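Step one of this worksheet: look at the structure below.
From a predicted model like this one, the values you see are computed outputs, not experimental measurements.
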Amino acid sequence: MKYWEVYESKIGPLTILCDDEALLRIDFGTVEHENAVRERSELICRTEGQLEEYMAGTRTEFDLPLKPEGTEFQKKVWNALLLIPYGETKSYKGIAVLIDNPKGCRAVGMANNRNPIPIIIPCHRVIGANGSLIGYGGGLDIKVKLLELERSETYQYNY
């Protein structure tokens, strides 16, 4: 069974979709999922709680079961995103090198764009090689807010 609910976060509404085992999606805004029941399941409540702690600056790592749907390449990129520490950023090229595909910057960008679980899988931490903020599914203003939230004296840019 799949469940969905809208969480009113500090950055706007987020629609959370999960099944009985794992988190499947987070969408910016309100998105109705036809093959799911609108119900605040235990996992949705856990996700909301952890997002709340993250937005309050008291959580730097998420502890949720994830099941993003995508190609093997996309999953490889998303797993690499999970390795970017809180408060740090990495370039698309840096991710391409990390997954042993140094010429795959554009493919990494496309996989980043298709990330079904933003914030938890931190695609907002990926920036251009020159430090520029390039695109974000929730809009650049939200990307800036998330990066500022994570910024501290230890904020680093890693190529």
Side-chain angles (χ1 to χ4, degrees), residues 2-7 9-19 21-36 43-44 46-55 59-129 131-151 157-159:
K2 292 182 181 178
Y3 308 92
W4 71 277
E5 189 53 80
V6 178
Y7 165 61
S9 77
K10 289 182 179 181
I11 58 168
L14 300 171
T15 301
I16 301 168
L17 175 69
C18 69
D19 63 16
E21 300 169 3
L23 181 59
L24 305 174
R25 295 191 63 80
I26 293 179
D27 295 293
F28 292 99
T30 299
V31 178
E32 293 190 24
H33 291 275
E34 291 180 13
N35 297 322
L43 183 52
I44 287 177
R46 277 184 50 209
T47 303
E48 290 175 340
Q50 290 191 24
L51 284 167
E52 189 72 26
E53 292 168 353
Y54 168 79
M55 304 262 179
R59 176 175 288 278
T60 60
E61 293 181 13
F62 293 95
D63 179 25
L64 297 163
L66 307 177
K67 191 164 54 174
E69 290 186 19
T71 66
E72 288 308 309
F73 179 80
Q74 288 170 334
K75 289 177 184 178
K76 197 173 189 181
V77 170
W78 301 334
N79 284 329
L81 299 180
L82 290 168
L83 300 176
I84 305 171
Y86 179 92
E88 296 184 21
T89 57
K90 200 161 211 43
S91 69
Y92 292 93
K93 181 166 182 59
I95 296 293
V97 168
L98 192 62
I99 64 168
D100 295 322
N101 190 346
K103 295 185 181 194
C105 296
R106 287 181 190 230
V108 165
M110 290 304 295
N112 208 50
N113 184 31
R114 302 259 192 277
N115 174 12
I117 311 176
I119 305 171
I120 310 291
I121 299 176
C123 54
H124 61 279
R125 295 180 188 154
V126 182
I127 61 176
S132 61
L133 301 181
I134 301 171
Y136 189 63
L140 282 180
D141 58 328
I142 291 178
K143 183 172 188 164
V144 168
K145 286 178 186 175
L146 294 173
L147 290 174
E148 286 177 351
L149 170 74
E150 294 184 12
R151 222 170 236 150
Y157 171 66
N158 294 313
Y159 293 88

Can you name the nearest heavy-atom pair linking D63 to Q50, along with the distance? N-OE1, 2.8 Å

Check this for me: E53, atom CD, are more than 12 non-hydrogen atoms of other residues, nucleotides or ligands nearer than 6.0 Å? yes

Are the side chains of [Y] and [X] in contact, using a 4.5 Å heavy-atom criterion?
{"X": "K67", "Y": "L24", "result": "yes"}
{"X": "I120", "Y": "L51", "result": "yes"}
{"X": "E150", "Y": "H124", "result": "yes"}
{"X": "L149", "Y": "Y54", "result": "yes"}
{"X": "I134", "Y": "Y92", "result": "yes"}
{"X": "R46", "Y": "L43", "result": "yes"}
{"X": "K143", "Y": "L140", "result": "yes"}
{"X": "I84", "Y": "L81", "result": "yes"}

Let's go through N101 and F73 carefully: what are the C-alpha distance in whole Å and the side-chain angles of both, what is the deciding distance for side-chain contact (heavy atoms from CB on, under 4.5 Å) to 0.1 Å, and is it a yes or a no? CA-CA 10 Å; N101 190 346; F73 179 80; 3.6 Å; yes

Parallel, tilted or perpendicular for F28 and Y136, by the 30°/60° rule? perpendicular

[atom1]-[atom2] distance between [X] and [Y], expressed to the nearest 0.5 angstrom:
{"X": "I142", "Y": "K10", "atom1": "CD1", "atom2": "NZ", "answer": "14.5 Å"}
{"X": "L64", "Y": "T47", "atom1": "CG", "atom2": "OG1", "answer": "4.5 Å"}
{"X": "K145", "Y": "M55", "atom1": "NZ", "atom2": "CE", "answer": "10.0 Å"}
{"X": "S9", "Y": "E52", "atom1": "OG", "atom2": "CD", "answer": "8.5 Å"}
{"X": "Q74", "Y": "N79", "atom1": "CD", "atom2": "CG", "answer": "12.0 Å"}

Among all residues two or more places apart in sequence or in another chain, which pass the side-chain contact (heavy atoms from CB on, under 4.5 Å) test with A36? K2, W4, L17, H33

P68: side-chain contact (heavy atoms from CB on, under 4.5 Å) partners, not counting sequence neighbours: L66, W78, P116, I117, I121

So, applying side chain to side chain contact (heavy atoms under 4.5 Å, CB included) with C123, which one of I95, N113, N115 is it? N115

Please step through side-chain contact (heavy atoms from CB on, under 4.5 Å) for the pair Y7 and I26, ending with a clear verdict. CA-CA 10 Å; Y7 165 61; I26 293 179; over 6 Å; no

